[in-house]
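Here the structure comes first, spelled out in structure tokens, and everything after it is commentary.
Numbers here simply count residues along the sequence, with the first being 1.
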Amino acid sequence: MCTSAAVPLAAQPIVDQAEPIELDTITLTADQADALSGPVLAFPSTQTTLSGDTVALTNKRTQRDLSQAIPNVTGFDAGGNRMTTFTVRGLREPGYQSTPGVFPALSYYIDDVPALTTLARASVFTNVDSITVLKGPQNTAFGDSRPGGAIDIRTTEPTDETTGYIGIGAGNHAMKEVQAGISTPLGNDIYLSFDGIWHDRDGFYDNIATGDSYGDKRALAGKARLTWRPSSDTQLDLFLQHERFSDQTDPFIPLSQLRTDPHKVSYNDPGHEDIGQDLIALRARQSFDGFDMLAVTSYRRSTWEFLNDGDMSAGEFDPSNPFSRVIGYTDEEVRSFTQEFRLKSNDDTSRLKWSAGLFAADTDLDVVPGYFLHDGTESLVHANTSSRDLAVFGELRYAIDPTIEIAGGLRYQISKRDASNDLTAPYVSSGDDSYHALLPSVSITWSPTNDLTAFAKYSRGFRAGGFNAHKFVTDPSEYEFESETSDNFELGFRSAHLQDRLQLSGSVFYARYDDYQVLNQLNPNVFAVNNAERVNSYGAEIEAQYELNDSLRLYGGVGVTHAEYDSFSNGYGNWDDKKVPFIPRYTVNYGVEYSHASGFFTAVQGRLTGEYQLNDANTLHQGSAHVVDAQLGYRKGNYEVVVFGQNIFDKRYVANLYDFSSSEGAAMGSLGEAAHYGVRVKYRF
């Protein structure tokens, strides 16, 4: 089920405290289970939650799939569709991963474990219990807080019953897939869970130089979890993750060709894009008399090796022109260590409630971008950035009366950045700086009835500055980019009707950004961040869900955003009053889920994405695009058969673009996923 709401604590449903939830030999009350499920968000926040059933029914497998269901949130590519970047309410994440020192605009958590970089977020969804997308700064809810909001993913908790599944799939583009998982108690309140997937698919481009498909994708991913519940108030989880993605690089095709004949390339050096993820994390959750505690320690290593046909042609080598045969290259490794603590009061009868937290992160990024020429010449830059982040945060909430609650929060963050490269004078080869921010939040919530809640909220957002470590510059001021700050205002509501079968939520928002971080391309292999002095963004959203009966659910949402540069000049031109690229003017999403007592079920989900600009000059744009996904299936006992289709009408739209001269012939881009359909068979036990 998909739910959408602006959910202050006062508006959360009241549960029967006597109702038990059975977990092996440990019996948890509903309140105890909630205390161990993660943080309760004190501040009202516009959010959309997808249940595990909806994730499965609508075939959500990757980050990109999330934007099908969420107004004003749209996923694009970051140099490859494993690494999705988002735009949310006028804020755009950098459109390329290999930019040292740049961090995403949305925080990203799976089971309370953060993924700090765009590369670290590359993953495949398995065994999902819920996915919640929150918009706007979440400064006191998450240790890793970003100005655009947060994506909070929860996997299914283990129980005292052994459960599992095995599935196989096949589809067009020679798609083949095997997935399996198991969750079982081991005795003494210890549980083991494992989920794995192998996926193989040919690309949807034709490489006329070789006669083969192009854009092939391979994935092998496994996640294990060991859980110990020594008491109803305590739970420890050890997470291990190992994932490998071996893909061909996404092609970058002249925009003029993308408009006419987009699915043909001619590469004699097809290249590859290999991504690796390794994670180990320990989570401790404890409920005390008066407060709950969450502690998470994690170490993650992410790698990316990128080789592509840099001359983007199958032409023969011309000895008089060394650049007639070029291999583009990037090798990147990110190592992140994080430590997070969160505390919150758990006395729901008290008029005063509180929460507090501490977050520390140590991230090192090594990157080698450049190119190789056919004659053996190479041009590589070895660069490194070191990021140290420390934040303390807390909030107080006070119920003036049963209908009105006020809240105030404060976060202090310090971020230290160091950068270096192997360039020699006169080029800048190193830099270091510290960035500080004091981030307040205030809100008021009014709940005159159990079926209506309204709120007003102000919050300040922050994204630390950093360095373009691999940039060829002689001026230190061009080597560094500044911190981005924002002032965010929001008015919203949530209401329920028809015995809660109909739920509505909506909001209006305004954000003013100072030193908005903008990614520009300097040449085919080098990207760098500039700051736009001021950006204004405003808009509105409304979402609805209607449960006609136990078998049929309808849901949808509409979002509009206007985001433009109020003041922005750089070495490429003056972009005052230009629209921020890749921010759709509007989004319309809708979905239908139906299940019949006979075992048949179906789900359809669509997304109409309005026009968006493709470059800062606003000379290139993408028109509206309507993408529809559908599934039809049948369950009988433990067996399930599903026929699925994604982008079933094969709608073409630009998912990324690198602009060299503001003309369609010189701008290079890639498309979103083409039509993909197939069948999956699953056995559950």
T74 vs F86, side chain to side chain contact (heavy atoms under 4.5 Å, CB included): CA-CA, chis, key distance, verdict: CA-CA 5 Å; T74 308; F86 292 96; over 6 Å; no
Candidate list D629, N589, N647, test side-chain hydrogen bond (donor to acceptor under 3.5 Å, both in side chains), partner Q68, passing option: D629
Residue from R121, Q277, E243 passing side-chain hydrogen bond (donor to acceptor under 3.5 Å, both in side chains) with S302: Q277
Crowded around [X] [atom1]? As in, over 12 foreign heavy atoms under 6.0 Å?
| X | atom1 | result |
| --- | --- | --- |
| Y677 | OH | no |
| K176 | NZ | yes |
| R61 | CZ | yes |
| Y427 | OH | no |

Residues D195, K223: salt bridge by 4.0 Å N-O rule: no
Salt bridge flag under 4.0 Å for residues R201 and E673: yes
Starting at [atom1] of [X], measure out to [atom2] of [Y] and round the result to the nearest 0.5 Å.
| X | Y | atom1 | atom2 | value |
| --- | --- | --- | --- | --- |
| F245 | R218 | CZ | CZ | 14.0 Å |
| F306 | D331 | CZ | CG | 12.5 Å |
| R82 | W304 | CZ | CH2 | 13.5 Å |
| I197 | N127 | CD1 | CG | 12.0 Å |
| S670 | D250 | OG | CG | 5.5 Å |
| R259 | R652 | CZ | CZ | 12.0 Å |

Are side-chain heavy atoms of [X] and [Y] found at a separation under 4.5 Å?
| X | Y | answer |
| --- | --- | --- |
| I110 | Q241 | no |
| P584 | T87 | yes |
| N268 | R325 | yes |
| L255 | V654 | yes |
| V518 | F481 | no |
| E378 | Y329 | no |
| D616 | N520 | yes |
| K135 | P71 | yes |

Under a 3.5 Å threshold, yes or no: a donor from one side chain and an acceptor from the other, between [X] and [Y]?
| X | Y | result |
| --- | --- | --- |
| T249 | Y214 | yes |
| H676 | N172 | yes |
| R301 | T303 | no |
| E482 | N531 | no |

Any donor and acceptor pair, going by atom type alone, linking the side chain of [X] with main-chain N or O of [Y] inside 3.5 Å?
| X | Y | result |
| --- | --- | --- |
| Q248 | G215 | yes |
| S569 | W575 | no |
| N421 | A469 | yes |
| D152 | T132 | no |
| N207 | A209 | yes |
| E541 | G559 | no |
| R607 | I70 | yes |
| D311 | I327 | no |
| D216 | G203 | yes |
| K579 | N618 | no |

[X] and [Y]: which non-hydrogen atoms are nearest, and at how many Å?
| X | Y | answer |
| --- | --- | --- |
| I253 | P262 | CD1-O, 3.3 Å |
| A464 | R417 | CB-NH2, 3.5 Å |
| A150 | L106 | N-CD2, 3.7 Å |
| S213 | D202 | OG-CB, 3.5 Å |
| V535 | A532 | CG2-CB, 4.2 Å |
| P94 | T85 | O-CG2, 2.9 Å |

Salt bridge (Lys or Arg N to Asp or Glu O under 4.0 Å) involving R146 - partner list, sequence neighbours excluded: D144
Check against side chain to side chain contact (heavy atoms under 4.5 Å, CB included), E305 and D274: CA-CA 5 Å; E305 185 182 70; D274 293 341; 4.2 Å; yes
Aromatic F644 / basic R680 pairing, under 6.0 angstrom, 45° off normal: yes
Chi angles and distances behind the side chain to side chain contact (heavy atoms under 4.5 Å, CB included) call for I153, F125: CA-CA 9 Å; I153 301 171; F125 297 155; 3.6 Å; yes
Intermediate values then yes/no, ring pair (Phe, Tyr, Trp, His ring centres under 6.0 Å), F76 and Y612: CA-CA 12 Å; F76 296 101; Y612 49 89; 5.2 Å; yes
L671 vs L258, side chain to side chain contact (heavy atoms under 4.5 Å, CB included): CA-CA, chis, key distance, verdict: CA-CA 8 Å; L671 292 176; L258 287 180; 3.7 Å; yes
Aromatic plane relationship, F568 with Y565 - under 30° parallel, 30 to 60° tilted, over 60° perpendicular: tilted
Listed partners of F317 passing ring-ring contact (aromatic ring centres under 6.0 Å, His included), at least two apart: H374
